[in-house]
Participant: 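The structure follows.
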Amino acid sequence: MVKIRSHEMREELRRKFWPNEDAWTGESELGFFQAPRTLPLLLLLLSSKTLSGRKNPSRVYLELWARHMGGGVIDMRPETEHAYAAGYTSNRGMRTWRDNMALLESTGFIKTKKIGNQQYRYVLLIHPTAVVEKLKAQKKVDEEWVTAYEARQSETKERSYAQRMKQKKDAEKAAKAAKVLQMKSKNPAQKATA
């Protein structure tokens with residue numbers, strides 16, 4: 001792995017200040033998850049009274065991110081396992097966990113699929129920028145939070161909703177153009193008349 005200067009600098013600081021500690025570096029590690037660097041701000045938003053009232057689904061949302069293995073889809077385990085990992089250890093906690101799952105879905109952070117008796121068999125994590133854009137349009141997010149969120153997006157080079165939509169549109173145009181070119185090159189009758 002090629003190390004960039006900032007990585008080398010952090011390694012130097014670690015060796016200088018904490019030479020004998022077993023630091024989490026992420027290198028060659030198994031068992032960790034990918035998440036947006038704006039996740040702490042999203043958890044803050046979820047805990048806000050404006051969005052969630054007296055509930056706080058942030059631990060449930062974090063637990064879902066930790067279960068995500070790719071593609072945005074989470075293959076759910078038994079509900080009790082998810083509830084326990086999110087900090088709900090009693091029978092009453094199960095109801096709170098379910099209420100928080102419903103809140104995450106109603107606010108647009110997730111979509112769920114029921115299969116048989118399992119209410120939450122599959123969960124889809126909706127892209128956070130799409131959720132934030134929708135909540136902004138519904139005036140459910142205060143400006144102070146939006147400013148902090150957009151500043152963090154800039155710092156981490158996370159694309160904004162507008163940038164993501166433009167990239168998606170450009171990719172669709174390119175795919176359509178490639179398909180048209182492919183169709184034209186496969187039709188020998190058109191080549192002869194051209």
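Only a predicted model underlies this, so the values are computations on that prediction, with no experimental measurement involved.
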Participant: Got a salt bridge between R152 and E155, using NZ or NE/NH1/NH2 to carboxylate O under 4.0 Å?
Facilitator: yes
Participant: Does any non-hydrogen side-chain atom of T25 lie less than 4.5 Å from one of R14?
Facilitator: yes
Participant: Tell me, please, which residues at least two apart from E63 pass salt bridge (charged side-chain N to carboxylate O under 4.0 Å, His left out).
Facilitator: R67
Participant: Check the side chains of Y88 and N100 for a donor-acceptor pair under 3.5 angstrom, ignoring hydrogens and angles.
Facilitator: yes
Participant: Check whether any side-chain heavy atom of Y61 sits under 4.5 Å from a side-chain heavy atom of L43, and report yes or no.
Facilitator: yes
Participant: Output every pair passing ring pair (Phe, Tyr, Trp, His ring centres under 6.0 Å) with a member in residues 127-175, not counting sequence neighbours, ordered by first then second residue.
Facilitator: W145-Y149
Participant: For K166, which residues count as a salt bridge (charged side-chain N to carboxylate O under 4.0 Å, His left out) partner, sequence neighbours excluded?
Facilitator: D170
Participant: Quick one: does S52's side chain have a donor or acceptor within less than 3.5 Å of a partner on L46's backbone?
Facilitator: yes
Participant: Take F109 and W65 through the ring-ring contact (aromatic ring centres under 6.0 Å, His included) test and state the conclusion after the steps.
Facilitator: CA-CA 11 Å; F109 283 86; W65 273 100; over 10 Å; no
Participant: Does E150 offer a backbone N or O that forms a donor-acceptor pair with the side chain of S154 under 3.5 Å?
Facilitator: yes
Participant: Determine, for K169 against E172, whether the closest basic-nitrogen to carboxylate-oxygen distance falls under 4.0 angstrom.
Facilitator: no
Participant: Is the centre of the F32 ring less than 6.0 Å from the centre of the W24 ring?
Facilitator: yes
Participant: Are the side chains of V141 and L51 in contact, using a 4.5 Å heavy-atom criterion?
Facilitator: no
Participant: Indicate whether any N or O donor in one side chain lies under 3.5 Å from an N or O acceptor in the other, for Q153 and S160.
Facilitator: no
Participant: Walk me through it: do K134 and T107 pass the test side chain to side chain contact (heavy atoms under 4.5 Å, CB included)?
Facilitator: CA-CA 9 Å; K134 180 180 136 194; T107 53; over 6 Å; no
